[in-house]
Structure formats: structure tokens, C-alpha cells
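What follows is a short report on a single structure.
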Amino acid sequence: MKLPVSLFVFALLFSFLLATSAHTHEDFLQCLTLHSGNDSISKVIYTSSNSSYSSVLESSIRNTRFSTPSTPKPLVIVTPLGVSQIQEILSCAQKHGMQVRVRSGGHDYEGLSYVSPVPFAILDMINLRNISVDVENSFAWVQSGATLGELYYKIAEQSKTLGFPAGVCPTIGVGGHFSGGGYGTILRKYGLAADNVIDAHLIDVRGRFLDRKSMGEDLFWAIRGGGGASFGVIVAWKIKLVPVPSTVTVFTVNKNLEQNATKLLHRWQYVADKFDKDLFIRVLLTGVNSSQEGKKTVQAAFNSLYLGGKDKLLPLMQESFPELGLVSEDCTEMSWIQSILYFAGFPSGQSLDVLLNRTLTVISYKAKSDYVENPIPEAGLEGIWQRFYEKEAESAVLILSPYGGRMSEISESAIPFPHRAGNIYKIQYLVYWAEEGTEATERHVNWIRRLYAYMAPYVSKSPREAYINYRDLDIGANNEGNTSYRQASIWGTKYFKNNFKRLVHVKTVFDPTNFFRNEQSIPPISH
Ligand code: FDA
């Protein structure tokens, strides 16, 4: 039987690519074992022939959209035990042309820490998760593989009045989170996690182990919000802990459309960013069944943390947002660490030990983000409600997080994260689905894209801003190989506005050969 010429060429090319990647892979492995001087590194290398390969790979995959039989898998996973092993991995990978994806908590929304279109290895930071807290001087050193839950737990173990302004989900890794900004319920008081980083340890493309002083202020600036994956491997962060009162208050008040949710949400947009800095009220929008048989409605959950007792919160609410009708029975007083459990969705009375659990329910999802600078009129909100009645929105949620307070005081260029004064709130759009297969994926992804298109008149423009920690490849991506400044600035200015230029400059100085790269890494300027 004769093969058509095009098929023959393809088969030849495919076998060549397979042979090349097998070569790369074997040479890379050989290099690792040779250079380590002893066999210690072999204990932390996983290839598909190793029985633990799949469990190590899946241990921190959070999105089943990137865990299908057709998802490209790494040739090797290495879970280094220390700095010298990271240096060996980087050196061997460069020598043998192996692309490396660094993974800390694996929460990347587009799976960029564990999926790549070219043959690749995962450098998984899971074994590097030491945390040391210095209560007296209010700082901590935390290694990148630690989760936020582990960090919060360690802080609470030593102090009831110190906290840290980072994200809501305890299984997030600090490696990716801090390098993309990182926000949670106390951002209006203290800004982002990255705003509170005071030193870092990083291994650069040349294998140098650098701290703030030796890396210099440009690189130290870039890794606090510019996305970790472009500049090196961040091993640890030194963070400034912040004071929290021994009693805080939480509440969640649910209102559906029959209970005036549209008017309340409309009003919320005028006050949410102007409240006292101690008060954070976000809104979660979901489609729910109405009390009228067979009808759907939209629920707005006003979900809040106040840094103080309810004796102070109630008069504050009466003064600034009386329309919500908050009463004492809606409020629960607790410690700051208990509020972490509350926002993570754990029932009251749960042991703090749940913060140490790294497992998370995995499901398929797609997310996007937007920034709102002017209140959306009621008619605009009603258009959102219509989209919640569509079948694909059964498990969709919009999370509206207020800015203002400390967020407006920090300048747009202090760190690469530029979304500061002028933003009332950020929207995170999320759609989840349990069905398998590409048809279900397409339907749900199309739903969120249609909603995003509908929102265009109501959100920031030129650029339409987005949050890098809510990674979204729809807004633009690099080519594999060389990407021009112009092409990368399509997505780069949405995440970083004018800071994109400085990030490109830092990248050009510290990683001119573009070793650390992915679909949305900062490109160096080629000379
Ligand atoms: P992951 O390991 O996937 O890394 C993300 C990116 O950083 C990748 O490009 C990776 O290569 C790179 N990277 C990771 N470690 C690195 C290292 N040590 N050195 C260099 N580069 C490194 N965000 C938020 O601000 N507030 C919130 O409340 C939430 N909540 C939330 C809940 C859930 C369920 C998810 C899935 C996500 C969030 N996020 C969030 C978003 C989260 O902040 C974002 O996905 C972070 O980048 C995750 O960091 P990980 O280390 O877990 O991811």
C-alpha cells in the first residue's frame, strides 16, 4: 500500500519529533543524575514509567479541562528538595533544550504550570514549603511550595493579632499567587499580598541564587505582580505580617431579584469602594430557583468581613449602606483565622487543621475578569440576569470584589499590578461544568465568552483590563518561539498597562534567551 506524499512527510516528521523528544528527555535525565554527584535527585524524578507519575502529576491539577487523555503530559516531573537541585534542573534543561514549567499550587486558570504544547518538564515546588514566622518583628519567610492555608495556619499558631492580606482559597500556592499580585478580604485595608513582600529568594536563568539586594530593585519589582513564570524560580518570599483585631465580624446577606437585588446591587456600586477601609463587602451572583414554581431568579450574596466587632459595624452600615438592612442576627463575631475558614466555605466549628489539607474538589471551569470604573446601570445588570437563565449558567458565578481604600493609595507603578485608583470593583466570571468531552467544554466556554462580549460597554476600555492571576488565554497569547513586543502587548497591556514596558526591559536584562516562557510570559526584546 502506498502512502500519499503529505501523509508520508507527516509520519516522518512525527517520528522525528518523537525521537527528538525522547532524546531530549533521556539526555536531560542523564544530565540530572550525573550532575547531582550522588543519587539523591533520582528519588525526586518521576517519568511515565514510574508508578507514582500520575498521582504526582494530578496532585495539584485543579481544572479537569487540563487533565484529559489528550492533554499534553510532561516527560519528567522533578520535585526538588533544595536550591542546588533547582540549579541542576535549570542547567540540564538549558543544555538539552527542555522547556520547564514551574508549579507551586497548580491553580493556574489555564493550566500553564503543568501543560505545554512542546516537550517539557515540570519543576514542582511541593517539597519546598517551609514557613518561619517572626512575631516580634511581624514578618515571615515562606517557601513557594507552601499553600495559603499552611501560611495562615502557621501565623495563627503564633499570634491572634497578626494576619496576611492574601487570597481566599487555602489550597492556592504562594509561588504563583504572590507573583501575580494576590488579594483577599483585607485588600481594602492592606493592599495585595505582593504589596507586602519585602524580600525574596530567586534562582535566575544563570543558576544564581539571588535575594532582593543581589537581584536589584528592577527584578524584585517585576516578580511582585509581573507573573513568576517569566523571570526565574522563586524559592521563598519574605512577607510583612499585618495587624488584625482579635475580633472580626462576618456576614452573608442573600437577596434575590424578588427581594430587590437589582436595586441593592446598583446602590452597592456607589458605596463599596468608599466604605471605611476595615469593611469589605463583596457580592457573589448566581442563578437559583425562584420560590415561584418552575421559575429562575438571580441571587446576590453580600458577603462581608469587618475588622472589628459588630457594635461598630452596625452603625457603620446604618450610615453607609442602610438599604441592605443589616441586623445584629446577620452578624457573627470570630477571630481573623476563623474568618479565613468562613470565606473558604467551611462550616463553623471546623478545626483549623483543614487549612493544611491540599486537596481540592476538581472540576472543569473557565474564568475571565474585568474592572469596573463606573457603576453599571440597572438596565445593564438586567442583561446579566438574562444570561444566568441560560442552561450553561447552571453552575456559573460572578464575584464582584470592591477596591478603594489602600488599593487606591498605592501608585499604578509601585509594582507591576496596575489596577488601582479609579476602579470601583473587579468582576471575576466563572463557569463550571461536570460533563466530559469537547462539546460540553465548548458550550460552557462560549457562554462565558458571550457574557464577556455583552459586558464590554460597562467595563474598563483601552485597554480592557484583566487580572493576571485570573489567567485568560482568550485575551491574547505568545507564539511558541519568538513573540514580538507588539504581539505580546495585546495581552500584556491588559494585565499590566504601562508597566508592561518595564517588565519587557527587566526580562531582556535577566532572561535574554527567553528560557522561562509560556503562552503569556513576558518576551525579551531581541537585538
Ligand atoms: P501555579 O503553580 O499553577 O502557578 C501559577 C503561575 O505561576 C504559573 O505560570 C507558574 O509557572 C508560575 N509559578 C508558580 N510557582 C512559581 C515559582 N515558585 N517561581 C516562578 N514561577 C512560578 N487569586 C486571588 O488573588 N485571590 C483569590 O482569592 C483567589 N482564589 C482562587 C481560588 C481558586 C479555587 C483558584 C483555582 C484560584 C484562585 N486565585 C485567587 C487565583 C490564584 O491566585 C492564581 O491561580 C495563582 O497564580 C495560583 O498560584 P499557584 O502557585 O497555586 O499556581
Side-chain angles (χ1 to χ4, degrees), residues 59-63 65-66 80 83 86 90 99-116 120-126 128-129 142-151 165-187 191-195 200-205 222-237 280 282 340 343-345 358-367 369 397 399 401 417 419 426 428 430 432 467-473 495 511 516-522:
S59 62
S60 64
I61 292 186
R62 304 299 176 202
N63 192 342
R65 190 154 63 97
F66 305 112
V83 166
I86 298 177
L90 297 184
Q99 186 170 116
V100 171
R101 295 286 166 117
V102 185
R103 179 165 80 169
S104 288
H107 283 54
D108 192 285
Y109 278 179
E110 299 278 11
L112 300 194
S113 57
Y114 55 89
V115 182
S116 168
F120 70 109
I122 296 179
L123 192 170
D124 192 314
M125 301 294 283
I126 180 86
L128 292 166
R129 37 205 256 246
V142 52
Q143 286 188 313
S144 286
T147 63
L148 293 183
E150 290 166 340
L151 173 63
V168 168
C169 170
T171 54
I172 297 173
V174 305
H177 187 65
F178 294 3
S179 53
Y183 81 95
T185 54
I186 51 178
L187 90 162
L192 306 171
D195 292 323
H201 288 161
L202 171 139
I203 300 175
D204 75 357
V205 69
I223 57 172
R224 288 173 295 152
S230 301
F231 302 101
V233 179
I234 298 141
V235 181
W237 307 92
F280 168 85
R282 66 175 183 169
I340 294 286
F343 275 87
R358 293 178 78 106
T359 49
L360 182 78
T361 329
V362 276
I363 190 163
S364 293
Y365 63 88
K366 167 75 187 158
S369 61
V397 56
I399 305 176
S401 297
F417 177 101
H419 322 288
K426 178 181 63 205
Q428 177 179 202
L430 280 156
Y432 299 91
Y467 176 36
I468 189 173
N469 264 347
Y470 292 157
R471 172 115 46 213
D472 178 7
L473 292 181
Y495 287 146
D511 183 20
F516 290 108
R517 67 176 183 277
N518 65 30
E519 292 82 337
Q520 281 185 342
S521 56
I522 307 290

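On a predicted model such as this, the values are computed, not experimentally measured, just so you know. Numbers for residues simply follow the sequence, beginning at 1. Order of appearance sets the numbers: ligands from 1, and atoms from 1 within every ligand.
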Applying a heavy-atom cut-off of 4.0 Å, say which part of [X] lies close to ligand 1: side chain, backbone, both or neither.
X: Asn518; value: side chain
X: Ala229; value: both
X: Arg62; value: neither

Closest protein heavy atom (residue, atom, distance) for [atom]:
atom: atom 1 (P) of ligand 1; answer: Gly106 N, 3.4 Å
atom: atom 48 (C) of ligand 1; answer: His107 CB, 3.6 Å
atom: atom 15 (N) of ligand 1; answer: Ser104 OG, 2.7 Å
atom: atom 34 (C) of ligand 1; answer: Cys169 SG, 3.7 Å
atom: atom 52 (O) of ligand 1; answer: Gly173 N, 2.9 Å
atom: atom 3 (O) of ligand 1; answer: Ser113 OG, 2.6 Å
atom: atom 29 (C) of ligand 1; answer: Ile172 CD1, 3.4 Å
atom: atom 47 (O) of ligand 1; answer: Asn469 OD1, 3.0 Å

Is the closest side-chain heavy-atom distance between [X] and [Y] below 4.5 Å?
X: Leu90; Y: Phe516; answer: yes
X: Val174; Y: Ile234; answer: no
X: Arg471; Y: Tyr495; answer: yes
X: Asp195; Y: Leu187; answer: no
X: Ser59; Y: Arg103; answer: yes
X: Phe417; Y: Asn469; answer: no
X: Asp511; Y: Arg517; answer: no
X: Asp124; Y: Ser60; answer: yes

Just jot down the ligand 1 atoms closer than 4.0 angstrom to any heavy atom of [X], in number order.
X: Gly182; value: 25 (O)
X: Arg103; value: 2 (O)
X: Gly167; value: 26 (N), 27 (C), 28 (O)
X: Val168; value: 27 (C), 28 (O)
X: Val233; value: 19 (N)
X: Tyr365; value: 36 (C)
X: Tyr467; value: 24 (C), 25 (O)
X: Gly176; value: 4 (O), 5 (C), 7 (O), 14 (C), 15 (N), 46 (C), 47 (O), 49 (O), 50 (P), 51 (O)

In Å, rounded to the nearest 0.5 Å, how long is the span from OG of Ser144 to CZ of Phe178?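 So the OG of Ser144 and the CZ of Phe178 are separated by 8.5 Å.
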How long is the straight-line distance from SG of Cys169 back to CG of Leu148, given to the nearest 0.5 Å?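 Interatomic distance, Leu148 CG to Cys169 SG, rounded to 0.5 Å: 7.5 Å.
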For [atom], which of [options] has the closest heavy atom?
atom: atom 5 (C) of ligand 1; options: Val102, Asp108, Leu148, Ile61; value: Asp108
atom: atom 26 (N) of ligand 1; options: Phe231, Tyr109, Tyr183, Tyr114; value: Tyr183
atom: atom 43 (O) of ligand 1; options: His177, Arg471, Glu519; value: His177

May I ask whether [X] places a heavy atom under 4.0 Å from ligand 1?
X: Gly184; value: no
X: Gly232; value: yes
X: Arg101; value: no
X: Trp237; value: no

One thing to verify: whether Asp472 and Lys366 come together as a salt bridge, which I'm taking to mean a side-chain N less than 4.0 angstrom from a carboxylate O.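 Salt bridge flag = yes for Asp472 with Lys366.
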SB check Glu150 Arg358 (cutoff 4.0 Å):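 A salt bridge is present here (some side-chain N lies under 4.0 Å from a carboxylate O).
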Could you walk me through whether Tyr432 and Val397 pass the side chain to side chain contact (heavy atoms under 4.5 Å, CB included) check? CA-CA 9 Å; Tyr432 299 91; Val397 56; 4.0 Å; yes
Which atom of Tyr183 lies closest to which atom of Lys426, heavy atoms considered: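 Taking Tyr183 first and Lys426 second, the nearest heavy atoms are CE2-NZ, 2.9 Å.
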Could you walk me through whether Ser113 and Val102 pass the side chain to side chain contact (heavy atoms under 4.5 Å, CB included) test, one step at a time? CA-CA 6 Å; Ser113 57; Val102 185; over 6 Å; no
